[in-house]
Asker: 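Can you read through this structure? Questions will come right after.
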Amino acid sequence: MPTKTYLEAIREGMRDEMRRDERVMILGEDVGAKGGVFGATEGLQKEFGEMRVMDSPLAESCIVGVCIGAAMNGMRPIAEIQFQDFIMPAVDQIVSEAAKMRYRSNNDWGVPMVVRAPFGGGIHGALYHSQSIEAMFCGVPGLKVVVPSTPYDAKGLLVSAMRDPDPVLFFEHKRAYRSVKGEVPDDDYSVPLGTASVAREGGDIAVFTYGIMVHTALEAAQRLARDGFECEVVDLRSLRPLDREAIVASARKCGKVMVAQEPNLAVSISSEVAAIVAEDCFEYLDAPVMRIGGPEIPAMPFAPALESFYLVTPDKLEAALRTLAAY
Amino acid sequence: MPTKTYLEAIREGMRDEMRRDERVMILGEDVGAKGGVFGATEGLQKEFGEMRVMDSPLAESCIVGVCIGAAMNGMRPIAEIQFQDFIMPAVDQIVSEAAKMRYRSNNDWGVPMVVRAPFGGGIHGALYHSQSIEAMFCGVPGLKVVVPSTPYDAKGLLVSAMRDPDPVLFFEHKRAYRSVKGEVPDDDYSVPLGTASVAREGGDIAVFTYGIMVHTALEAAQRLARDGFECEVVDLRSLRPLDREAIVASARKCGKVMVAQEPNLAVSISSEVAAIVAEDCFEYLDAPVMRIGGPEIPAMPFAPALESFYLVTPDKLEAALRTLAAY
Amino acid sequence: MAIAKPDAVSKEGLDAQTLRAMYRHMLRSRVLDERMWVLNRQGRAPFWISAMGHEAIQVAVGMNMEPGRDWLAPYYRDLALTLVLGMTPRDHLLSVLAKAEDPNSGGRQMPAHYGSRAHNIISTGSPVTTQLLHAAGIALAFRMRGEDAVCVTAFGEGSTSGGDFHEALNFAATHKLGVVFVVENNGYAISVPVEKQMATPHVSDRAQAYGIPGVSIDGNDAISCYRAAREAVQRARSGDGPTLLEAKVHRLTSHSSDDDQRRYRSAEDLEAERKQDCMPRFRGLLEDLGVLAAGDADAMRAELVVELDEATAYAEAAADPLPQTAMLHVYAEDS
Amino acid sequence: MAIAKPDAVSKEGLDAQTLRAMYRHMLRSRVLDERMWVLNRQGRAPFWISAMGHEAIQVAVGMNMEPGRDWLAPYYRDLALTLVLGMTPRDHLLSVLAKAEDPNSGGRQMPAHYGSRAHNIISTGSPVTTQLLHAAGIALAFRMRGEDAVCVTAFGEGSTSGGDFHEALNFAATHKLGVVFVVENNGYAISVPVEKQMATPHVSDRAQAYGIPGVSIDGNDAISCYRAAREAVQRARSGDGPTLLEAKVHRLTSHSSDDDQRRYRSAEDLEAERKQDCMPRFRGLLEDLGVLAAGDADAMRAELVVELDEATAYAEAAADPLPQTAMLHVYAEDS
Ligand SMILES: Cc1ncc(C[n+]2csc(CCOP(=O)(O)OP(=O)(O)O)c2C)c(N)n1
Ligand SMILES: Cc1ncc(C[n+]2csc(CCOP(=O)(O)OP(=O)(O)O)c2C)c(N)n1
Ligand SMILES: [Mg+2]
Ligand SMILES: [Mg+2]
């Protein structure tokens with residue numbers, strides 16, 4: 001199988017689906033001639049034209065609202081939000097409109113739309129180009145939220161998202177775009193939404209995480225393995241719905257649970273995973289659930305010293321895991 | 001002490017502070033001649049004039065954005081959002097601007113602003129006049145989120161919010177406005193932000209909740225008390241920050257924990273409370289943490305049968321508590 | 001823009017049949033609307049929000065649309081518009097009584113939250129102004145498929161203060177999309193008068209920001225409404241882009257059954273507006289023109305009330321949604 | 001609105017001293033800007049976003065404001081404007097090198113996210129257009145206290161497509177607030193040309209929606225900029241309400257150090273725009289007028305470079321923020 005970057009896998013996923021299905025279109029800032037600020041849509045306007053790969057005005061509510069209308073009228077739009085930080089003006093269209101359309105119309109209408117946005121930090125993006133605000137959407141019924149950690153999943157989950165009859169938020173960790181490579185089939189395949197995947201098997205500590213932190217967790221797990229502690233690293237992949245079965249299975253199997261994420265912990269994915277474990281694994285736990293994530297500050301600052309203070313590094317995660325292992 | 005409704009306490013809190021501090025102003029839809037759709041600002045425009053109690057255009061981002069600017073320039077604005085459901089267009093101003101202003105300016109600037117909004121259902125408001133979307137803001141550093149359950153707290157917490165140097169979201173349960181009455185001093189007092197309160201003491205089950213569900217919990221607790229089960233009902237009051245100490249203390253004391261809320265459970269206040277308990281009370285728990293809340297559907301439908309299906313009633317909570325007690 | 005003067009009917013090329021149909025549509029909405037208020041006062045319908053005073057522009061727009069081809073992104077006052085496009089009094093009575101059969105939402109939404117895929121009427125939520133962007137997206141899809149269908153969207157003047165208004169008109173104008181933006185300007189957003197909403201005398205002045213035509217008409221003059229609607233729809237269909245069409249109307253009721261406008265409006269104002277009601281005015285015109293003979297209008301009303309009584313009886317007898325059905329349709333079942 | 005023709009300087013009542021000061025402000029920003037790019041290319045500054053080409057309008061606006069009294073809600077291109085209002089090259093070098101002493105944000109924000117309470121410059125975040133509403137709120141506070149101070153806010157033409165633009169101008173116009181809305185129209189929003197942003201030839205056409213004056217000027221003509229800025233600020237101060245002032249400028253660099261505009265713009269275009277650079281043009285004018293003698297400008301530059309070298313040395317020697325300080329100032333300490 002050919003090796004591709006996370007970014008190439010995403011671009012290929014869109015390109016192939018646009019070749020297969022002429023209803024698929026892309027609307028976003030700078031997606032055309034520039035090919036997006038990260039290059040995700042590079043070459044697509046040339047191949048599919050200005051209509052199907054359309055530069056939008058600088059207005060996120062417009063991008064999503066127009067895509068909702070187009071989706072209701074037979075298209076399969078992809079709304080690209082330049083940075084997840086800038087999705088805020090579109091929250092009303094996403095939460096009040098897209099998420100509720102099927103329910104409020106009693107299944108008369110649906111919104112088959114994908115909203116793509118790069119998120120996450122560690123790239124000197126400072127407060128507004130580093131955030132991970134996915135938690136805001138993971139409590140919203142009617143939405144599906146997906147975060148791939150590998151090129152294979154990126155293409156496979158994006159294909160599923162583009163074919164899904166309901167709105168899917170597809171968040172791409174921007175630090176993974178060029179740094180994460182992996183095998184990606186050239187041909188058509190898909191990865192189902194809604195399922196977690198075990199990135200590493202182990203019986204001592206279950207580590208639940210998502211996005212690029214899966215790789216941080218794998219590295220930390222390797223270090224612990226040298227001392228005989230086997231971590232099971234679970235890549236949540238789908239943040240809404242969460243794969244409750246997979247979470248409970250790994251937590252019960254290991255008896256110790258670590259939840260790791262990049263953003264601050266309060267009312268986040270980590271909270272829900274910990275809550276699920278507290279509800280369903282009581283009799284199997286050998287230690288308190290542990291969580292590790294960003295500090296309770298607005299976002300990742302610019303100065304390198306402050307940025308690395310924010311980030312959960314393999315070292316920090318390793319230390320936390322050793323504390324838990326020693327419990 | 002005179003008895004007042006939840007609504008009267010809120011109105012009085014604003015009125016008294018506006019008499020004390022001429023920097024306090026109110027901007028919102030229909031807050032003037034109409035006195036707000038629930039009457040919270042009734043009579044205030046007559047007393048303080050059209051400038052200090054100003055009818056805004058129909059634009060929530062404008063309401064909050066203008067209040068942010070006014071707050072930075074020496075005012076103490078109260079932004080009234082007509083229904084919490086309609087705060088969505090203002091999410092960018094609240095999360096990207098108000099919440100981050102102090103941090104991003106390294107303490108050079110601050111936004112002393114209160115955003116008031118009625119929330120919650122059970123009043124036949126259907127999908128968009130019944131929601132409880134506070135969770136969306138409770139993970140946002142830089143914000144404070146408050147929900148009073150009694151008239152005394154409503155006035156006391158609102159006074160603290162109006163005097164706070166940082167943005168405070170003040171959410172009022174609309175079903176409590178006229179149905180909840182209690183003693184409220186006529187004179188100046190305040191209730192500090194950031195602290196929970198024990199609404200009922202007990203040693204068997206700790207029930208964590210907020211808003212009008214505090215009263216639901218008190219009723220259910222009474223019923224269990226007849227059979228000798230004593231519930232400790234903790235009114236969270238402050239949803240950001242959560243009063244971790246109080247939560248841990250009651251959970252450890254009781255060994256059994258129920259988290260009850262009106263909205264759906266995924267990635268919510270209930271998740272964070274459960275996570276805190278799972279982190280800090282491991283050795284004290286005698287049963288799995290239990291959560292009860294709305295179903296995972298977009299919001300409360302209009303038809304009475306569907307609305308009551310959604311709501312956590314005293315009966316439903318009582319049943320859940322008995323299950324937990326029997327564990 | 002300038003307030004259009006109602007021309008002689010002849011010039012409109014409006015035949016008697018069309019005029020009769022127009023009046024009948026307006027009356028059908030009005031009698032249904034009156035029934036809704038009765039049900040509300042009787043405590044049988046917990047909520048109603050009225051189209052009274054808005055009928056002329058709504059019917060004019062609806063009659064110039066092609067059912068089955070054109071689309072509508074409505075708002076909660078568009079009762080008459082949905083009826084012209086094929087929805088029925090029964091449909092809306094099922095909604096106001098929150099019955100399972102309600103085609104708008106199965107009793108899930110508040111009344112007057114219109115929607116019907118069968119009639120190309122997209123589902124309406126409560127947040128105002130969001131549907132303007134949907135209309136632009138619907139028209140974009142037409143454009144991409146090379147269809148010359150039109151999407152109409154309607155909203156109040158207060159809703160033009162929201163950001164989505166700007167983003168939608170800007171996008172539709174930039175791409176010359178086939179959208180007709182219909183403002184039903186009744187001068188109030190609940191209690192907030194238009195002077196506190198904007199600085200310009202006409203909502204249609206906002207069109208200049210987008211380089212599109214802005215037209216203001218007397219919404220109590222059915223003929224002007226018809227002409228302006230026809231032009232705007234034709235412009236959209238022929239690829240010349242969107243129009244901002246403003247009808248100055250009166251809200252002949254309080255904002256909704258939860259509001260009492262006497263708290264913020266003078267009795268004189270309300271009385272004066274009542275006098276300009278589009279219904280008697282149009283009826284008078286048609287009787288002068290001989291399009292309606294003496295008694296025709298009353299006969300029409302009587303006949304419509306029969307339909308209405310049947311529909312009311314049907315709706316009241318219809319089943320409520322079952323509690324467990326609240327769990328359905330969060331996502332497509334097949335997904 | 002019409003493109004204003006630059007009048008004879010005399011008519012402007014601009015004395016030599018003012019003209020010199022104006023040129024010096026522009027040059028001070030330009031040499032600092034050049035330095036930022038050098039630091040970026042040397043890998044010492046990870047990011048820069050430039051004001052090159054925007055200096056004339058920024059300096060014209062800044063010189064017509066009253067420091068200590070008027071307020072500014074800027075955007076990331078307003079380097080020259082912040083300098084006129086009293087911020088220094090050192091301040092911004094501390095920011096571009098993310099030092100603890102950076103008065104804008106203590107090294108927390110990206111460079112060019114301006115802010116200084118000492119200079120009434122509110123803190124700038126990255127989301128565009130939000131500050132327009134803050135400007136309206138700032139002016140509302142002036143109004144409530146009966147102060148005749150002015151709030152200026154600046155932004156790009158792309159940012160006028162966002163909802164907050166509409167909501168801010170609508171609110172400021174409805175209440176005749178003392179705001180000057182300055183659009184620095186460089187024709188591009190990163191790679192998106194203005195034709196894909198809006199349908200009207202001038203951004204200032206958007207003013208008509210709000211019943212306020214919309215003015216477009218040649219942003220490469222410092223004199224026109226000065227006159228238009230003075231009028232707009234006076235209008236705001238005298239209680240006649242906001243102005244939408246559009247300066248047609250050129251973005252003489254890529255959008256930022258992360259962008260390469262050659263990917264989406266022709267070499268010819270870029271070359272043509274370089275030729276219209278406001279700096280040499282203004283210098284030529286002042287030399288023709290005898291305001292600058294031969295060599296004056298070069299001497300001025302040399303002197304500014306000295307200041308700049310000192311500032312650079314200072315900034316490079318300054319301390320980085322300590323990791324733990326990341327926890328500070330989420331909330332006011334006293335609360
Ligand atoms: C975003 C949003 N904010 C507030 C409301 C509450 N609300 C419902 S109708 C209304 C007034 C609408 O006025 P207008 O647009 O003029 O329409 P009209 O009712 O007069 O026809 C308001 C404020 C809402 N539905 N949506
Ligand atoms: C809400 C939001 N969306 C997207 C961005 C990313 N972005 C930063 S600058 C920019 C283009 C701005 O263009 P314009 O307003 O014309 O200003 P210019 O840079 O040309 O001076 C974009 C899209 C942002 N900062 N904020
Ligand atoms: Mg109105
Ligand atoms: Mg630009």
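In what follows, chains carry the letters A, B, and so on, assigned in the order in which the sequence lines appear, proteins first and then strands, with residues in each chain numbered from 1.
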Asker: Could you tell me the separation between the CG atom of Asp258(C) and the NE2 atom of His124(B), rounded to the nearest 0.5 Å?
Answerer: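 Taking CG in Asp258(C) and NE2 in His124(B), the distance rounds to 11.0 Å.
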
Asker: Is it the backbone or the side chain of Pro46(C) that comes under 4.5 Å from a heavy atom of chain B, or both, or neither?
Answerer: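 For Pro46(C), the side chain is the part near chain B, not the backbone.
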
Asker: Can you measure from CG (Asp30(B)) to NE2 (His255(C)) and round to the nearest 0.5 angstrom?
Answerer: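 Reported value, rounded in 0.5 Å steps: 8.0 Å.
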
Asker: To the nearest 0.5 Å, what is the distance between CG (Leu127(B)) and CE (Met110(C))?
Answerer: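 Answer for the CG-CE pair, Leu127(B) versus Met110(C), is 10.0 Å.
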
Asker: Counting a contact as any heavy-atom pair under 4.5 Å apart, which residues of residues 85-99 of chain B contact chain C?
Answerer: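 Heavy-atom contacts from residues 85-99 of chain B to chain C are Phe86(B).
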
Asker: Counting only heavy atoms closer than 4.5 Å, note whether Glu296(B) contacts chain C via side chain, backbone, both or neither.
Answerer: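 Only the backbone of Glu296(B) comes within 4.5 Å of chain C.
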
Asker: Under a 4.5 Å cut-off applied to non-hydrogen side-chain atoms, are Met327(C) and Phe309(B) in contact?
Answerer: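 Yes - at least one pair of side-chain heavy atoms lies under 4.5 Å apart.
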
Asker: Heavy atom to heavy atom, less than 4.5 Å: which residues from residues 5-13 of chain B reach chain C?
Answerer: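 Listed by number, there are no contacting residues, so the answer is none.
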
Asker: For residues 312-322 of chain C, run the donor-acceptor check on the side chains, cut-off 3.5 Å, and write out each pair with its distance to 0.1 Å, sequence neighbours left out.
Answerer:
unit_1    : atom_1 : unit_2    : atom_2 : d
Thr312(C) : OG1    : Arg35(C)  : NH1    : 2.8
Thr312(C) : OG1    : Leu308(C) : O      : 2.7
Tyr314(C) : OH     : Glu101(C) : OE1    : 2.9
Tyr314(C) : OH     : Glu101(C) : OE2    : 2.6
Glu316(C) : OE1    : Arg44(C)  : NH2    : 2.6
Glu316(C) : OE2    : Arg44(C)  : NE     : 2.9
Glu316(C) : OE2    : Arg44(C)  : NH2    : 2.7

Asker: With a 4.5 Å limit on heavy-atom distance, are the side chains of Gln82(B) and Ile190(C) in contact?
Answerer: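 Yes. Closest side-chain heavy atoms under 4.5 Å.
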
Asker: Under 3.5 Å, side-chain donor or acceptor atoms of residues 193-200 of chain C against the rest of the protein: list the pairs with distances, not counting sequence neighbours.
Answerer:
unit_1    : atom_1 : unit_2    : atom_2 : d
Gln197(C) : OE1    : Leu58(B)  : N      : 2.6
Gln197(C) : OE1    : Ser161(C) : OG     : 2.8
Thr200(C) : OG1    : His202(C) : O      : 3.1

Asker: Do Phe302(B) and Pro111(C) have side-chain heavy atoms sitting under 4.5 Å apart?
Answerer: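 Result yes, sub-4.5 Å side-chain heavy-atom pair found.
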
Asker: When you look at CD of Glu22(B), are more than 12 heavy atoms from neighbouring residues, nucleotides or ligands closer to it than 6.0 Å?
Answerer: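 Count not over threshold, so no.
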
Asker: Looking at Glu29(B), Met300(B), His129(B), Glu307(B), which one has more heavy-atom pairs under 4.5 Å with chain C than the rest?
Answerer: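 Of Glu29(B), Met300(B), His129(B), Glu307(B), His129(B) has the most heavy-atom pairs under 4.5 Å with chain C.
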
Asker: Look at Ala126(B), Pro57(B), Ala59(B), Pro301(B) and state which one has the largest set of heavy-atom pairs under 4.5 Å with chain C.
Answerer: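 Of the options given, most contacts go to Pro57(B).
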
Asker: Who among Gly125(C), Gly106(C), Ala98(C), Gly107(C) has the most heavy-atom pairs with chain B under 4.5 Å?
Answerer: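 The answer is Gly107(C).
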
Asker: Where does Asp259(C) contact chain B at under 4.5 Å (heavy atoms): side chain, backbone, both or neither?
Answerer: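 Both parts, backbone and side chain.
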
Asker: For Lys34(B) and Asp260(C), work out which heavy atoms get closest and say how close.
Answerer: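 Result for this residue pair: NZ-N, 4.5 Å.
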
Asker: Could you pull out the closest heavy-atom pair between Ser56(B) and Val192(C), with the gap in Å?
Answerer: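 Between these two residues, the closest heavy atoms are O-CG1, 4.1 Å.
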
Asker: Between Pro127(C), Gly163(C), Gly162(C), who has the most heavy-atom pairs with chain B when the cutoff is under 4.5 Å?
Answerer: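 Most heavy-atom pairs within the cutoff with chain B belong to Pro127(C).
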
